[in-house]
2 protein chains.
Amino acid sequence: MEPITTEEKIIRAADKIFTQKGYAATRTREIAEEAGTNLALLNYYFGSKQNLFRNVVKQKLKMLLNAIDPIASDKTIPVVEKVRKISEKYTQLMLENEELPLFILNEWSANKNLFTDLIRETRQHAEPVIRKQLSENGMDITVEDLIVNTLGMILFPFIAKPLILSSGLVEENQFAAFVTERKEKIPEWIISIINKQIQ
Amino acid sequence: MEPITTEEKIIRAADKIFTQKGYAATRTREIAEEAGTNLALLNYYFGSKQNLFRNVVKQKLKMLLNAIDPIASDKTIPVVEKVRKISEKYTQLMLENEELPLFILNEWSANKNLFTDLIRETRQHAEPVIRKQLSENGMDITVEDLIVNTLGMILFPFIAKPLILSSGLVEENQFAAFVTERKEKIPEWIISIINKQIQ
DNA sequence: AAATGATTAAATCAAATGATTAAATCTTTT
DNA sequence: AAAAGATTTAATCATTTGATTTAATCATTT
């Protein structure tokens, strides 16, 4: 019963095209067409391409942060369990939005101000929590490395997907299975890394 | 004694601007200006923006492949040693070309045909070699995961640099130290992952 | 010096593109 | 039905942008 408003249609179209092509390569006419409406209305609602872009990015970024922050900053969840939950959630999220990570990273580079403003609103509280957990359990890794390794292992396949496919490392139709299996392995790998081995 | 030809100056300028901004956001006039020459000459030498871009990408991609392929496909180098060498070499390379990985990945997505053609020329022989090495030594990981994890851990910090900086995870002036330390840690982490622990 | 090739400067084109406007039409509310 | 709001259509602007041309200038070679 919830009809999709035209404004929403434009947002979704913008989302799709911007994510696919990036800001500079996106034409407002294409967004309008994709939304099944016209250029006039796009500017009537959003004023400018820049502003429409801002809306899209804001929403995407919030989604990404909201998916990770509650887990990462929860003091009652053990570190390894956090990795497990985040690996699960982010892999799922990326499978549903495969072009998202590269889009975010790319536009972040090109448009640092916008993102820095947005990130400031959503403050990060995870870092000190994890740092404390790591030291209390005598785990052999820094917070920075843990976060970069975890996110890197989860996100890199999606970021480098075209490279992975055209090099023939993974077949197109096996990609989803590849990352789905990885999402179970990643926590195990992190455990191996975290626990200083007695050898 | 080797004077830089104007053609070379244009290539270098194109390299810089394209890498910085991506194809779509790059203006040929800016390249000409950066090269200290003019638009006419740019088109005189290279015919078109597309073609100039092709030259730049070709050169970059060759550099990246040449840095990794001889190591990865060498049957006499043990797997862990390969990781060590590649971690060393790629970290160095990325420190000297920080915007390169995101540029390549991004343009690869936008322009799959071009890259697929280029990658086909430089055939990959590393994969079967590593696969054999892994199975012969009973190592507990697939080639695909090994490659993705290694490259992910090396490259992700550079790809996600703006994110890492504006989240405050690492300070700008400590970034080089951060990745330099990581390049020593990565082989150790890979060893932990590869060797099934007796527990 | 003459000739040849490299380079510059400036103007210009044609197409693409972000944006605006005005009038008409459709939809919903009052 | 009347009014108000939403949407379309079409035309138009101003600017940007990739590309081309022409004439002049500079550098090098013969």
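Chain identifiers are assigned alphabetically (A, B, ...) following the order of the sequence lines, protein sequences preceding nucleic acid strands; residue numbering begins at 1 within each chain. Model, not experiment: these values are computed from the prediction.
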[X] bridged to [Y] by N-O distance under 4.0 Å:
X: Glu88(A); Y: Lys85(A); answer: no
X: Glu188(B); Y: Arg182(B); answer: no
X: Arg29(B); Y: Glu33(B); answer: no
X: Asp15(A); Y: Lys60(A); answer: yes

| Considering all heavy atoms, the nearest Val179(B)-Pro157(B) contact | CG1-CB, 3.8 Å

| message | Looking at every heavy atom in both Ser87(B) and Ile154(B), which two are closest together, and how far apart are they? | response | CA-CD1, 3.5 Å

| said: For Leu39(B) and Tyr44(A), find the nucleotide of DNA chain D closest to each by heavy atoms; which residue's nucleotide sits nearer the 5' end? | reply: Tyr44(A)

| Toward the 5' end of DNA chain D, by each residue's nearest nucleotide, Asn38(A) or Lys49(B) | Asn38(A)

| note | Of the candidates dT8(C), dT21(C), dT20(D), the side chain of Ala40(A) sits closest to dT21(C)

Can you tell me how far [atom2] of [N] sits from [atom1] of [X], to the nearest Å?
X: Leu41(B); N: dG18(D); atom1: CG; atom2: P; answer: 17 Å
X: Ile10(B); N: dT8(C); atom1: CD1; atom2: C1'; answer: 12 Å
X: Asn43(A); N: dT9(D); atom1: CG; atom2: P; answer: 16 Å
X: Phe46(B); N: dA6(C); atom1: CZ; atom2: P; answer: 14 Å
X: Leu52(A); N: dA19(C); atom1: CG; atom2: C1'; answer: 14 Å
X: Leu42(A); N: dT20(C); atom1: CG; atom2: C1'; answer: 13 Å

| Distance (rounded to the nearest 0.5 Å) between Ile147(B) CD1 and Leu169(A) CG | 5.0 Å

| query | What are the residues of residues 12-37 of chain A, sorted by number, that bring a heavy atom to within less than 4.0 Å of DNA chain C? | reply | Thr26(A), Arg27(A), Thr28(A), Arg29(A)

| request: Using the test ring-ring contact (aromatic ring centres under 6.0 Å, His included), find all partners of Phe18(B) that sit at least two apart in sequence or belong to another chain. | output: Tyr23(B), Phe53(B)

| query | Can you list the stems that DNA chain D is part of, where a stem is at least 3 pairs in a row, each Watson-Crick or G-U, with both distances below 3.5 Å? | reply | C:1-30 with D:1-30

| Hey, which of these two, Thr6(B) or Gln50(A), hits DNA chain C nearer its 5' end, going by closest nucleotide? | Thr6(B)

| field | Shared hydrophobic cluster for Leu146(A) and Ile71(A) (ILVMFWY, side-chain gaps under 4.5 Å) | value | yes

